[in-house]
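Written out below as structure tokens is the structure these notes cover.
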2 protein chains.
Amino acid sequence: MARRSSEVTMGDIARMANVSESTVSRALSGSTLVAEKTRDRILEIARNADFAINEQARNLALRQTRTIEVIFPIERGTLQQVSDPFFVDMLAVLTDELGKHGYDVLMSRSPPWDEERPGCAFLGARADGVIFVGQGRHRSAIRDFARRHASVVAWGAVSADDDYCVIGSDNVGGGRLATEHMLKLGRKRIAFLGDTDLPEMRQRFEGYKQVLASYDIPLDEDLVIHTPFDIEKAREVTKPFVELFPRYDGIFACSDMIAMAAIANLRQAGIAVPDDVSVVGFDDIPSSAHVSPPITTVHQRIRHGGKVMVEKLIGILGGEAQEPEILKTELIIRQSCGARVATPS
Amino acid sequence: MARRSSEVTMGDIARMANVSESTVSRALSGSTLVAEKTRDRILEIARNADFAINEQARNLALRQTRTIEVIFPIERGTLQQVSDPFFVDMLAVLTDELGKHGYDVLMSRSPPWDEERPGCAFLGARADGVIFVGQGRHRSAIRDFARRHASVVAWGAVSADDDYCVIGSDNVGGGRLATEHMLKLGRKRIAFLGDTDLPEMRQRFEGYKQVLASYDIPLDEDLVIHTPFDIEKAREVTKPFVELFPRYDGIFACSDMIAMAAIANLRQAGIAVPDDVSVVGFDDIPSSAHVSPPITTVHQRIRHGGKVMVEKLIGILGGEAQEPEILKTELIIRQSCGARVATPS
DNA sequence: TTGTAGGCGTTATCAA
DNA sequence: TTGATAACGCCTACAA
């Protein structure tokens, strides 16, 4: 139903045009060192022959790849996790921004060191640089990788001892915003839903704890629920949690998807959001504004973050050192935490 | 903060080990034509030197790319469109499946012919094959591309006159399922929300019309609303539409995101779903089961579809012709269309 | 078991 | 303005 292309090379075109390969190369690259007539003739021939340049060879000669590897270090099998709109948005931004700079995007779901060949530190210098979208549980591996190999930029939890360039949201601040918002609304017992094994979530948890402490509220371990990202699993995990009501009157969910799962369970149990329980999410994914109730959430500047990562990486490729950057987060107040505030009439 | 890798080549390793380049090559590729001692010594040296093989050169020599280009032909600027979980799920599946076959994934958001170089039919044979995730408004361009160049597989509306391998859902059937479900529940005036410029949506619209016809219900053009995918825009577009109530008592939305947007507007206008209006979506995205009300929708077998596309493409690369395939759709009944049915007690 | 030589398709340098 | 020629880094006969 479809055939391989005919693999015409510059040599073939050269032969057809009765010129040398170099002339063909010049004509195709728009060099001024070719007579206009010659160029036009060559282009015509190339077009008719369905010539497609071999980028591998070209890049080899030019000593470049013009490719950036974008890695989503996500456990295999947990497909749903990627469905989190966060990843898509990020991927779309990265693809666009890298494209503007002339780079292609090589997608990976596993870090390069998973694919070792004997003797190769890692499989293939197939990209000029690498962007990790999330560091997951691989921080030290990434650090090691960055030290030895390609230019690296990562999205995730920024910390003082990073020795590669990390860009990420102010998760601690975001956690504070979310928690404090509910306390100010008069909520007293705020639960935390998220996976504190992940550095970013741990930072959000940190912000949560800070605010509790500043309000002299002791941390209730029973209200800290280890909740995965995947909405199905989050739904399962939060089902028994819902029964703890009324031990809590507020929920800080580490992502909007988790917030949705929790709200679904609460509703099913006849617990009203926000009347009985306030909920704040994290991410500000597109649909969070359009569900019922619209979710109050901590906005992450994903678009901006993607742009910054690309800029930094380009900088690094150009030989400049780049500083990490922490992006401000912002509380988007909707209706899931307290009608008193959200629906002034 | 990160340096380029030192670009050690096989030649360097060879020199360090006092052997020829070919021996290094053999050692690294696990050939049996190397003495074990030699190999171990070479591997040791390579590892210490942080050697990373240059895949470009390797692939050039092997006359392969081991790369598949995955194209999401989505208009630039409409970032949100990609956020549709459909795309992410598909991308994740494709990445996994292609990975199993040893292929890397090159992401693109624009078709190759957008990046013409003078004289090149398209920029670069940078992949062994191409997967189009959605054909958008580019059908004839894709057809042309497929005829002349790489091995192509596409996701989208399957039609009899395709001359390349298209995989897609039974959209007509899905449209029928959705529409008929509401009619059977006693709804009489079903609205259609979607972008009929896109072939897949047109097929769903086709199914919708077929059912109306079989029920002797005339098509009411005012109830056919040209609605974009992006949830924000869908929300805007459906706002005035909501005011047409009660001219309709059912809505067939071409995607779950559109359904969500419509439901949000209905609720805001005080119109109850499903009591006043039934809503059926399309896609069965993960969150559709966890919003309120849970959305009745037409399930697309995305995972399966992705696998099939990869299998077909691999087949084509192996020289076998491949047939197009239409994937069954299934109605997932939840609560957005009629409590009578969805909540038996 | 190892080395030599030629080639993969392109670009760049140097002559002509 | 054009054409040899030598890279680019790796692979693979063929020879030793």
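Chain letters run A, B, ... following the sequence lines, proteins first, then strands; residues in each count from 1. Here the structure is a predicted model, which is why all the values come from computation and not from measurement.
Here the P atom of nucleotide dC11(D) and the CG atom of Asn59(B) are 9 Å apart, to the nearest Å. Taking atom CD of residue Gln56(B) and atom C1' of nucleotide dC8(C), one finds them 13 Å apart after rounding to whole Å. Distance, Arg39(A) CZ to dT2(D) P: 10 Å, rounded to whole Å. Atom pair Leu33(B):CG and dC11(D):C1' shows a separation of 13 Å (rounding to whole Å applied). Gln64(B) places its CD atom 19 Å from the P atom of dG9(D), with the value rounded to the nearest Å. If you measure from atom CG of Asp12(B) to atom P of dC8(D), you get 11 Å, rounded to the nearest angstrom. The interatomic distance linking Asn54(B) (CG) with dA7(D) (C1') rounds to 14 Å, in whole Å. Atom pair Met10(A):CE and dG3(D):P shows a separation of 14 Å (rounding to whole Å applied).
Looking at Phe51(A) and Met16(A), their side chains never come closer than 4.5 Å, going by heavy atoms from C-beta outward. In this structure the side chain of Leu317(A) reaches within 4.5 angstrom of the side chain of Tyr103(A), judged on heavy atoms.
The two residues Met10(B) and Ile53(B) come nearest to each other via the heavy atoms CE-CD1, 3.8 Å.
Ion pairing between a basic and an acidic side chain is recognised when a charged N comes within 4.0 Å of a carboxylate O; Glu55(A) and Arg66(A) show no such pairing. The pair Arg303(B)-Asp89(B) does not meet the salt-bridge criterion, since no charged nitrogen lies less than 4.0 angstrom from a carboxylate oxygen. A salt bridge links Lys100(A) with Glu97(A): at least one charged nitrogen is closer than 4.0 Å to a carboxylate oxygen.
For residues 13-22 of chain B, the set of pairs meeting the side-chain hydrogen bond (donor to acceptor under 3.5 Å, both in side chains) definition, not counting sequence neighbours, comprises Asp12(B)-Arg15(B), Ser20(B)-Ser22(B), Ser20(B)-Thr23(B).
No side-chain N or O of Asn59(A) forms a donor-acceptor pair with one of Thr65(A) less than 3.5 Å apart.
Shown for residues 14-22 of chain B: residues whose heavy atoms fall under 4.0 angstrom of DNA chain D, namely Glu21(B), Ser22(B).
Distance from the side chain of Leu60(B) is smallest for dC8(C) among the nucleotides dC10(D), dC8(C), dT1(D). Distance from the side chain of Ala61(A) is smallest to dC8(D) among dC8(C), dC11(D), dC8(D). Of the candidate nucleotides dT11(C), dT2(C), dG9(D), dT11(C) has the atom lying nearest to any side-chain atom of Ser25(A).
OP1 or OP2 of dC11(D) lies within a sub-4.0 Å distance of a side-chain N or O belonging to Arg58(B). Side-chain nitrogen and oxygen atoms of Thr23(B) include at least one within less than 4.0 Å of the OP1 or OP2 phosphate oxygen of dG3(C).
Nearer the 5' end of DNA chain D, as judged by each residue's closest nucleotide, is the contact made by Ala35(A), out of Leu62(B) and Ala35(A). Looking at which nucleotide of DNA chain C each of Ala57(B) and Thr32(B) is closest to, the 5′-most match is held by Thr32(B).
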Anything under 3.5 Å between a protein N or O and an N or O of nucleotides 14-16 of chain D, put it in a table, one pair a line.
none

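The only member of Leu62(A), Thr67(A), Leu60(A) that meets side chain to side chain contact (heavy atoms under 4.5 Å, CB included) when paired with Gln64(A) is Leu62(A).
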